[in-house]
Every structure is written in structure tokens, then in C-alpha cells.
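Below is one structure, written out as C-alpha cells; comments come after it.
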Amino acid sequence: MTVPRHKSVERFFRTGSKAGISAAHVPRLARQLAALNVASDPSDMIVPGWGLDPLKGKLVNHWGVSVSGNWRLTFTFNEGDVELVDYLDYH
């Protein structure tokens, strides 16, 4: 996984630090980041309940999966590599 945009997500992924991450989101976000780490295409993130969607507006060309409620894990792919990973309240 490269070019994270959300420093707390990067720290969580690399060290397990939960600072800046909602405690309720930790288990699901950990599974999603693990899947994203080995993904090479958005279709690799098609998991029941995650709701993979192409994003619109200023996030066109980004993909997102649902963490909880309005919170999404968003990302792009560039030649099989994940980039621009973000964790945000999408709406």
C-alpha cells in the first residue's frame, strides 16, 4: 500500500496504533486494510457488506468501501498499486 492520505490510517496499518481511528471501526478497518494491501484491482475489494463503489464529484477515479455509517475507506489504483488511501466521513 502506498501514498496514504490519512496519517492515522497509515500509522494503524503499519504499527497497530489506534490513535485517530474510531474504536468501533478498528476491527472492520483492519480487515479492509489487509485486503487492500494485497489487492491489485478494485474488484479485489468486492466483499459482501463492504459496498464497493466508484466515487463521484471531486473524488472521481477513487473507490470506496463502507467502514460504518458515512465513514468510508477510499483509495485509487495506479498500475496495480493502491494509492491515496483515506478514511473519511464521505457525506
Worksheet item: What ring pair (Phe, Tyr, Trp, His ring centres under 6.0 Å) pairs are there with at least one residue in residues 15-40, not counting sequence neighbours?
Response: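 Of all non-adjacent pairs touching residues 15-40, those that pass ring pair (Phe, Tyr, Trp, His ring centres under 6.0 Å) are H25-W71, H25-Y87.
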
Worksheet, complete the sentence: Applied to residues 26-47, the ring pair (Phe, Tyr, Trp, His ring centres under 6.0 Å) test, sequence neighbours excluded, yields none

Worksheet item: Excluding sequence neighbours, so at least two apart, what forms side-chain contact (heavy atoms from CB on, under 4.5 Å) with A19?
Response: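 Partners of A19 by the side-chain contact (heavy atoms from CB on, under 4.5 Å) criterion, ordered by chain and then number, come out as R11, S17.
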
Item to complete: Can you sort out the partners of F12 under ring-ring contact (aromatic ring centres under 6.0 Å, His included), two or more places apart, ordered by chain and number?
Response: none

Fill in: Donor-acceptor pair, side chain of T76 and main chain of E83, under 3.5 angstrom
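It does hold such a pair.
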
Fill in: Pairs touching residues 16-31 that satisfy salt bridge (charged side-chain N to carboxylate O under 4.0 Å, His left out), sequence neighbours left out
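As it turns out, there is no salt bridge (charged side-chain N to carboxylate O under 4.0 Å, His left out) pair with a partner in residues 16-31 once direct neighbours are skipped.
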
Pairs under 3.5 angstrom only: tabulate donor-acceptor contacts from the side chains of residues 42-66 to other protein residues two or more places apart or in another chain.
from : atom 1 : to  : atom 2 : distance (Å)
S43  : OG     : D41 : OD2    : 2.7
D44  : OD2    : S40 : N      : 2.7
D44  : OD2    : S40 : OG     : 3.4
D44  : OD2    : D41 : N      : 3.2
H62  : ND1    : L59 : O      : 3.2
H62  : ND1    : V60 : O      : 3.4

Discussion item. Using side chain to side chain contact (heavy atoms under 4.5 Å, CB included), reason through V9 and D86 one step at a time and then give a plain yes or no.
Written reply: CA-CA 7 Å; V9 166; D86 209 349; over 6 Å; no

Worksheet item: Looking at side-chain heavy atoms only, is the closest gap between F13 and L36 below 4.5 Å?
Response: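 The answer is no; the side chains never approach within 4.5 Å.
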
Discussion item. Quick one, L84 and F75 - any side-chain contact, counting heavy atoms below 4.5 Å?
Written reply: no

Worksheet item: Which heavy atom of D89 sits nearest a heavy atom of N70, and at what distance?
Response: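 Of all heavy-atom pairs spanning D89 and N70, the closest is OD1-CB, 2.9 Å.
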
Fill in: Point-to-point distance, once rounded to the nearest 0.5 Å, from CD of E10 to OG1 of T15
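Between atom CD of E10 and atom OG1 of T15 there are 9.5 Å.
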
